[in-house]
Amino acid sequence: MTSTIPSFPTIEEIRARAASTEVPALLMTVAHVTGDVSVLRDEWRPDPALLPASGLAPEIADAARAHALDRLEAALAEDRPVSVEPPAGVLEAIGRWSLGETADGIDDLIEAAFVPDGVDPRAPRWTLEELAPGRTFDVAIVGTGISGLLSALRMKQAGIPFTIYEKGHEVGGTWSENTYPDCRTDVHSHIYTYSFHPHDWPSYFCRQSVILDYLRGFAEKNGLLEHIRFGTAVAAAAWDEDSHTWSVTTVDEEQRETTTSYSVLISAVGQLNRPSIPAIEGLEKFAGPAFHSAEWDHSVDLAGKRVAVIGTGASALQFAPAVAKIAEQVTIVQRSAPWLMPTPELRRDIGADERWLLACLPLYRAYYRLSIFLPRVIGQLSAVTVDLDYPPTERAVSAENEQLRRVLTDYLLQQAGERTDLAEAIVPDYPPGSKRIVRDDGTWVATLKRDNVRLVTGGVTRADETGIWTSGGEHVEADVILFGTGFKASEYLMPMRITGRDGRDLHELWGIDAAAYMGITIPGFPNLFCAYGPNTNLVVHGNLVFFLECQAAYVVDAIRMLLEGGHRSMDLRADVFEAYQDEIAEQSALRAWGWSKTHSWYHNAEGRSTVMWPLPAQRYLHGTAAAQPELYDIA
Ligand code: NAP
């Protein structure tokens, strides 16, 4: 990073939009431009829980803005070049100022998270031709979701031939499959973005179609579409010990099988793409339409219908309120109540002035992103960590977890108000952090209070022609059944048949406990890399896109290692894998999701978590920073 910023807007243009600036990002920008961290005054220190907002009283925020703009005006008047690289000490000062002592020891995480517009720090700085001129080397990527497209870009940047297989007809993975009403991200859009490919997002938490357009645009702009074989599923992949390649068998829509060899196989199939519909006795007898949130049947008109919604996870909390606005009657069947994270801006658009600042004021967007990212990536791991002396219960796993429970319970009870029946039903009976805490702007409880909505607690025991039966013995009459019942998240890489060294079948080896070092590599399966693999999901302590970028960087470095050394394959050492697995298992047991026995997709059928990352985010950054040759048997 050594380039300079070509130009700034005039100070008048910036001042005209001053009221729309977030004070923390503005002060960080000014600290960068001036190189003077004294603008990060104690009295303007933000509340980390509220970032990117400051939480300052309006008059104090205005004073901070006025000072920042005066400093910016003076700096711009000097007309000195401003480097995109932060002056020495600025990022560290920003970390301490915005996070206090939690920022100690995470300078490298802050540095990795700060990506100014126009910079792609993790792009490979080498090409195949430079490292291994004339060598035949190619890569197969499975899936065109966020990770598949990212892996593809990295291969393109390195000049490595690659093919992406996509079973569908559209890029975007989960964002092309889930089209249910009001589907949107529940991660701030500005950090649900490739760090090096920023976007002028119209809302704080964008809708599915907007995210899909972003991913399509990314694929088009980077020339990735011509590498994609749409309508082609990878059915199997087998390691060939003689040629040190993967024989990848694909099936197209005419059921034609093709087998092609590749030096490297990258699985980017995602975790949440295989809908889970519970095995409900008698469901086949139900006379009306019944479908899953990820397979929304838009031909079914819900207007005037009696609708049964099964499930109260992140998907149902988005589609059920929209359905309630058009259906005659909605019965929501809740097996466990969701914890809700108050997020007033969840369905709000970003104002024109704020969008202008993010797009046109250099560095501001990068610091805005950093200020969202930092508190979330440091997160609340401590609040979901089990204190064995507390002692942990299904109410709370530690004093800090109990504190979080109180805050979240207050939010629910306040909304239930006079409705004591609801209050009883909507407060979860498991510790916060045991499963995803769903974002909410007041819409959920308001929906439950509607005259045409009824919340029924319990599971579903069976179905018949006219509806479903709940575990409470109630028959719910319905014209349509909507399943918001989640995904088979623990069944990684299914239904592909992956055969490694000595004919070992990956799924037989895993059983129900999928595992991979850093979620990426598996012993006995050389040159196979997983993106968003086992134990790389996050609940309150990270940012998924950042993790995906770490994984892609690791794969790039592994390929560099192969090419530079003239190696044919790399196979994770079994002892490295076992030590890593022991640590993951031990730490998972000490997190709320590992401890609690509540139902959750964070568990497999026997209650072990092969899904969640149980350690601090910086541990993942360090673990994926470079492909260390000593961890691998290299051929
Ligand atoms: P989910 O979180 O797994 O929720 C499934 C729901 O169905 C739960 O309420 C579950 O109850 C219920 N359920 C499952 N089987 C049942 C049965 N046999 N009887 C009654 N209820 C049953 O699934 P999801 O809502 O699709 O979300 C999955 C994940 O996708 C989320 O956690 C999130 O990571 C991601 N997601 C993200 C977004 C976004 O960014 N906007 C939106 C949607 C989803 P229990 O809780 O008792 O198991």
Side-chain angles (χ1 to χ4, degrees), residues 145-146 173-175 177-189 191-192 203-212 270-281 283 292-296 308-322 331-341 343 346-347 425-426 428-430 433-441 444 455-463 468-472 476 481-490 532 536-540 542-545 593 596-603 605 607 611-612:
I146 297 187
T174 193
W175 297 109
E177 286 161 10
N178 285 270
T179 61
Y180 60 76
D182 204 28
C183 178
R184 63 177 70 231
T185 172
D186 60 3
V187 176
H188 287 78
S189 281
I191 59 166
Y192 199 79
S203 327
Y204 295 100
F205 295 85
C206 283
R207 283 175 181 276
Q208 168 264 338
S209 60
V210 177
I211 302 167
L212 185 56
Q271 290 186 7
L272 302 169
N273 58 355
R274 305 189 61 234
S276 169
I277 295 189
I280 298 173
E281 187 198 320
L283 187 57
H292 188 274
S293 56
E295 295 166 336
W296 200 267
V309 171
I310 305 177
T312 50
S315 300
L317 264 68
Q318 292 182 341
F319 73 71
T331 306
I332 298 171
V333 183
Q334 170 187 279
R335 187 167 67 179
S336 337
W339 285 110
L340 303 182
M341 179 65 69
T343 311
L346 183 60
R347 290 178 172 82
I426 63 177
D429 57 2
Y430 56 87
S434 308
K435 52 186 150 190
R436 195 171 179 88
I437 304 176
V438 184
R439 288 196 178 274
D440 175 68
D441 58 0
W444 183 240
L455 183 69
V456 177
T457 55
V460 177
T461 50
R462 64 194 167 90
I468 51 172
W469 291 86
T470 69
S471 52
V476 176
I481 302 175
L482 302 177
F483 290 98
T485 44
F487 300 86
K488 298 171 184 168
S490 297
Y532 197 17
T536 58
N537 222 319
L538 299 150
V539 56
V540 285
N543 169 246
L544 180 59
V545 180
W593 61 84
S596 170
K597 298 290 171 271
T598 186
H599 291 287
S600 154
W601 66 270
Y602 291 179
H603 294 155
V611 169
M612 304 304 294

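Start at 1 and go down the list; that is how both ligands and their atoms are numbered.
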Counting only heavy atoms closer than 4.0 Å, does ligand 1 sit against the backbone of Arg184, its side chain, both, or neither? backbone
Looking at every heavy atom in both Val539 and Gly433, which two are closest together, and how far apart are they? CG2-O, 4.1 Å
Show which atoms of ligand 1 fall inside a sub-4.0 Å distance from at least one heavy-atom site of Phe487. 26 (O)
Just distances here: any N/O of Ser600 and N/O of ligand 1 closer than 3.5 Å? no
Atom 24 (P) of ligand 1 - nearest protein heavy atom and its distance: Ser315 OG, 3.4 Å
Residue portion contacting ligand 1 (non-hydrogen atoms closer than 4.0 Å) for Thr312: both
Contact check: Ile310 vs ligand 1, nitrogen or oxygen atoms, below 3.5 angstrom: no
CE on Met341 to CG on Asp440, rounded to 0.5 Å: 11.0 Å
Please confirm whether Gln318 comes within less than 3.5 Å of ligand 1 when only nitrogen or oxygen atoms on both sides are compared. yes
Pairs of nitrogen or oxygen atoms closer than 3.5 Å, one from Arg335 and one from ligand 1: do any exist? yes
Any donor and acceptor pair, going by atom type alone, linking the side chain of His603 with main-chain N or O of Ser490 inside 3.5 Å? no
With rounding to the nearest 0.5 angstrom, report the CG to OH distance, Asn273 to Tyr532. 10.0 Å
Side chain, backbone, both or neither: the part of Pro278 lying under 4.0 Å from ligand 1 by heavy atom: side chain
Close-contact set for ligand 1 against Gly313 heavy atoms, below 4.0 Å: 2 (O), 4 (O), 6 (C), 9 (O), 25 (O)
Is there a donor-acceptor pair closer than 3.5 Å between any side-chain N or O of Tyr602 and the backbone N or O of Arg436? yes
I'd like to know if Tyr430 contacts ligand 1, where contact means a heavy-atom distance under 4.0 Å to any ligand atom. no
Does the separation of the ring centres of Phe487 and His292 fall below 6.0 angstrom? yes
With rounding to the nearest 0.5 angstrom, report the CE to OG1 distance, Met612 to Thr536. 9.0 Å
Just to check, does Ser293 reach to within less than 4.0 Å of ligand 1 when the distance is taken from its heavy atoms? no
Which of the numbered atoms in ligand 1 are under 4.0 angstrom from any heavy atom belonging to Arg436? 31 (C), 32 (O), 33 (C), 34 (O)
Is a side-chain donor or acceptor of Gln208 paired with a backbone partner of Trp175 at a separation under 3.5 angstrom? yes
Is Lys435 close to ligand 1, meaning an N/O of one under 3.5 Å from an N/O of the other? yes
Which of the ligand 1 atoms, numbered from 1, are nearer than 4.0 Å to a heavy atom of Gly311: 6 (C), 7 (O), 9 (O), 12 (C)
Atoms in ligand 1 flagged as close to Trp601, the criterion being non-hydrogen separation under 4.0 Å: 1 (P), 2 (O), 3 (O), 28 (C), 29 (C), 31 (C), 32 (O), 34 (O)
Checking Tyr192 side chain against Asn543 main chain: does a donor-acceptor pair fall under 3.5 Å? no
In ligand 1, the atoms that come under 4.0 Å of a heavy atom of Tyr180 are 42 (C), 43 (C)
For Ala314 and ligand 1, does the shortest N/O to N/O distance drop below 3.5 Å? yes
Tyr602, portion touching ligand 1 at heavy-atom distance under 4.0 Å: neither
Check each atom of ligand 1 against the heavy atoms of Ser336 and keep those under 4.0 Å away; list them by number with element. 45 (P), 46 (O), 47 (O)
Please could you name the atoms of ligand 1 that Leu272 approaches to less than 4.0 Å, counting only its heavy atoms? 29 (C), 30 (O), 34 (O), 35 (C)
